[in-house]
Protein chains: 2
Amino acid sequence: MSRADLVLAGCRQLLTCRGGAPKRGSALADVGLVENGWLAALRGRVVYAGDERGFKEEVRLEPEAETVDCRDFVVLPGFVDCHTHLPFAGSRAEEFLLRLQGWTYQQLAAKGLGILTTVAATRAAREEDLVRLCLERLDLMLCNGATTVEAKSGYGLSFEDEIKQLQALKKAAVLHPVDIVPTFMGAHEIPPEYRGRREEYIALLLDTILPEVRSRGLAEFFDVFCETGVFSAEETRRMARAARAAGLQVKVHADEFTDLGGAALAAEEGARSAEHLLAVSEEGIRKLAASGTAAVLLPGVPFFLRLERRAPARALIEAGAVVALGSDFNPGSSMVASMHLVLQLGVFTLGLNVEEAIVAATANAAYAAGREDRSGRLEPGLQADALLCDIPHYAHLAYELGRNPIRHAFKNGRFVVRDGRRT
Amino acid sequence: MSRADLVLAGCRQLLTCRGGAPKRGSALADVGLVENGWLAALRGRVVYAGDERGFKEEVRLEPEAETVDCRDFVVLPGFVDCHTHLPFAGSRAEEFLLRLQGWTYQQLAAKGLGILTTVAATRAAREEDLVRLCLERLDLMLCNGATTVEAKSGYGLSFEDEIKQLQALKKAAVLHPVDIVPTFMGAHEIPPEYRGRREEYIALLLDTILPEVRSRGLAEFFDVFCETGVFSAEETRRMARAARAAGLQVKVHADEFTDLGGAALAAEEGARSAEHLLAVSEEGIRKLAASGTAAVLLPGVPFFLRLERRAPARALIEAGAVVALGSDFNPGSSMVASMHLVLQLGVFTLGLNVEEAIVAATANAAYAAGREDRSGRLEPGLQADALLCDIPHYAHLAYELGRNPIRHAFKNGRFVVRDGRRT
């Protein structure tokens with residue numbers, strides 16, 4: 001018998017995504033559906049997820065257990081947003097408006113717009129401003145289903161400003177129920193003051209900031225933007241190795257606009273994930289499929305930028321890659337804080353079916369964020385992070401556009417969203 | 001001096017969309033922006049919309065006037081959803097799921113799925129069931145910004161069931177603050193029992209149902225699905241003329257999948273609108289541009305159906321057509337009840353800029369629904385239908401994906417959405 005202090009009782013449908021992570025091939029389409037499903041948790045951890053008979057046989061309620069009648073709800077694991085640039089300051093709405101009116105990249109740059117706008121605003125922000133912004137955004141993300149959020153620095157691009165971003169994440173993580181997975185991404189861009197001195201900037205990252213990040217436990221991941229005009233494949237490889245040697249796991253922004261072989265490199269270097277992949281080669285797909293490196297697809301980006309190109313989601317799935325979904329929440333190319341919408345973009349713009357999109361946004365996204373031991377599935381031992389959706393069938397997660405179906409959410413067994421609002 | 005019983009005071013930005021409707025060409029990109037804008041209304045009608053100085057000179061408050069501090073809000077006209085199939089019963093989520101899993105149209109039809117599922121469910125529903133469904137959906141639409149909704153019959157396809165749908169709309173209109181513009185669309189499909197007897201079905205529509213609709217005042221518009229396999233151009237023309245002769249205005253579902261010349265026909269016959277237009281010809285574009293027939297674009301449909309094809313929005317705008325946006329809310333091809341999302345789909349999938357999308361969803365959509373004398377703009381004499389959006393600049397209407405920015409809404413000068421919830 002397992003003891004329980006929380007029961008989600010008689011769920012219309014319970015999606016467990018059980019069976020471990022990561023998931024590939026046909027497992028990607030298995031959401032672990034239980035009709036009339038029962039979920040029990042004790043002190044924030046799942047102790048049972050399955051049918052009613054098993055629940056009655058295996059679970060004993062604590063005297064003060066809370067029981068939630070879920071007959072009207074489809075219940076699934078909280079989403080894991082495995083790629084965000086959460087701690088930024090400033091807005092890029094003006095740039096957005098001008099771009100839609102037909103301004104070219106050059107015209108925008110001449111007006112001083114682009115990523116450096118965000119770098120300047122983030123450098124100018126105080127740490128507590130960044131904390132406040134993170135908390136507001138985490139509330140929005142949580143109401144749209146994310147119970148775990150990976151979050152990157154990379155708009156500081158100096159010792160003190162990268163550390164400031166990561167410290168803001170650490171403080172936000174203490175103040176907010178959403179789990180934050182911090183990523184040091186000083187290798188997001190070469191800052192203006194290092195133009196023409198890229199080796200010096202890489203040395204700053206590896207020799208000065210990285211040790212500080214490590215010694216203070218400010219990040220779990222190191223991420224590099226491997227792209228024409230940013231960091232080359234060779235630089236990416238060098239930094240990835242240094243980061244791993246320093247004890248961080250690696251992520252690579254790979255093959256977003258041009259194919260520099262970033263996906264293959266990520267697989268070769270044992271990166272946890274290769275992200276974007278709009279321009280990934282067939283070799284890159286094969287190498288990802290043969291590796292433990294997750295293919296993180298970010299459909300908000302080409303949608304937001306109105307690009308025709310899409311990541312080859314079906315080819316990746318058919319090759320056997322670990323496909324995950326993330327928002328890439330950032331002010332320049334994907335102002336989308338809703339993993340529910342990202343799931344729908346996965347379905348409607350990448351050709352995922354609903355089941356694949358659910359697994360990609362939960363179990364596999366947790367793997368991409370290095371949290372498959374805690375999040376992304378409703379299995380005994382994992383966190384009781386669950387979304388209670390006011391829909392008659394899980395198909396409605398994609399079927400109904402423009403409506404947030406998440407009525408309630410639990411994080412570690414506690415109510416964190418009730419009636420669509422943060423508690 | 002004008003008297004006022006409602007003031008929206010000091011709006012961060014007020015978008016009036018002033019200057020009449022319909023709007024073409026460069027007027028489509030003019031949202032009538034007033035920074036620090038003031039809006040005043042008396043008994044549900046706008047009496048003033050402009051700057052603060054004008055407000056102070058021209059407006060005198062009634063003793064019990066309500067003043068809403070709008071310094072944190074962008075205020076714009078309520079959206080007009082000019083194309084919906086609101087009063088249906090049943091769900092098509094199962095068909096949706098199978099379609100995404102790769103089932104062909106033929107396989108789905110063999111299982112009895114498709115539009116006839118909805119016809120069967122709608123025929124089986126009682127009028128009060130349809131009223132309840134309409135009211136629930138209108139709440140959702142209103143929270144997402146629509147203060148006027150066109151709504152079509154067309155899932156009854158028999159005398160009593162078409163009348164039942166239109167009666168349900170009439171009752172819903174009495175019970176709900178959203179204005180409903182009813183459209184008789186018996187010409188949505190040939191019902192199974194009339195297969196091979198299409199002339200008899202057309203005779204039923206024109207000789208039996210249409211007079212009843214007319215005499216009971218159940219519809220303002222007559223709509224025909226002019227498409228290969230549904231109604232031919234010739235049949236469409238004949239029905240359009242009969243409907244006009246009976247005193248109804250005409251809409252045409254035109255050139256959605258194949259080019260039957262539906263847009264040109266709609267323009268020639270003086271239809272108020274031609275809708276869909278994914279397959280419209282250059283001649284169709286020219287004829288629309290030279291006419292008063294609005295080009296209603298429904299970006300939810302190709303998105304939901306995962307089609308590559310899009311309506312040629314930019315060509316229509318450049319030719320001078322009256323471009324409007326609608327949801328096409330229906331269970332088979334566009335399950336989107338949010339005009340806010342439709343505006344974003346207009347921007348991100350049709351190439352509209354933000355200003356054009358706003359005008360297309362307000363002033364021009366009101367024109368397409370025949371309500372330009374009442375709705376879609378914030379000008380003296382029109383209804384005080386206004387959205388108060390919790391954003392720093394109107395660009396954020398499109399810039400932030402996956403977040404409903406509508407904090408409050410007014411319909412005819414009354415609070416109908418407060419803090420994101422129906423009052």
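Per chain, numbering begins at 1; letters A, B, ... match sequence-line order.
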ask   = So which part of A/A93 gets closer than 4.5 Å to some heavy atom of chain B, the side chain, the backbone, both or neither?
value = both
key: B/F96 versus chain A, the contacting section by heavy-atom distance below 4.5 Å   = side chain
task = Sort B/S91 into side chain, backbone, both or neither according to what part of it lies under 4.5 angstrom from a heavy atom of chain A.
result = both
inquiry  = Please find the pair of heavy atoms, one from B/G402 and one from A/S338, that lie closest to each other, and give the distance.
reply    = O-CB, 3.7 Å
remark   = Rounded to the nearest 0.5 Å, the CZ atom of A/F348 sits from the CG atom of B/L345 at a distance of 10.0 Å
key: Note, B/R306 side chain near A/V347 side chain (heavy atom, < 4.5 Å)   = yes
ask   = What part of A/L341 lies closer than 4.5 angstrom to a heavy atom of chain B: side chain, backbone, both or neither?
value = side chain
remark   = Under 4.5 Å to a heavy atom of chain A? For B/F304 that would be both
key: Contact summary for B/Y399 and A/R92, nearest pair of heavy atoms   = OH-N, 3.0 Å
task = Against chain A, label B/L305 side chain, backbone, both or neither, depending on which of its atoms sit under 4.5 Å from a heavy atom there.
result = neither
query = Hey, which of B/R421, B/R403, B/Q101 has the most heavy atom pairs under 4.5 Å with chain A?
reply = B/R421
query = Is chain B contacted by the side chain of A/A29, its backbone, both, or neither, given a heavy-atom distance below 4.5 Å?
reply = neither
message = I want to check something: taking the side chain as every heavy atom from C-beta on, are B/L97 and A/E355 in contact at a cut-off of under 4.5 Å?
response = yes
Residue selection (most heavy-atom pairs with chain A, distance under 4.5 Å) from B/N404, B/V354, B/L401 = B/L401
key: Residue A/P392 versus chain B: region with a heavy atom under 4.5 Å   = neither
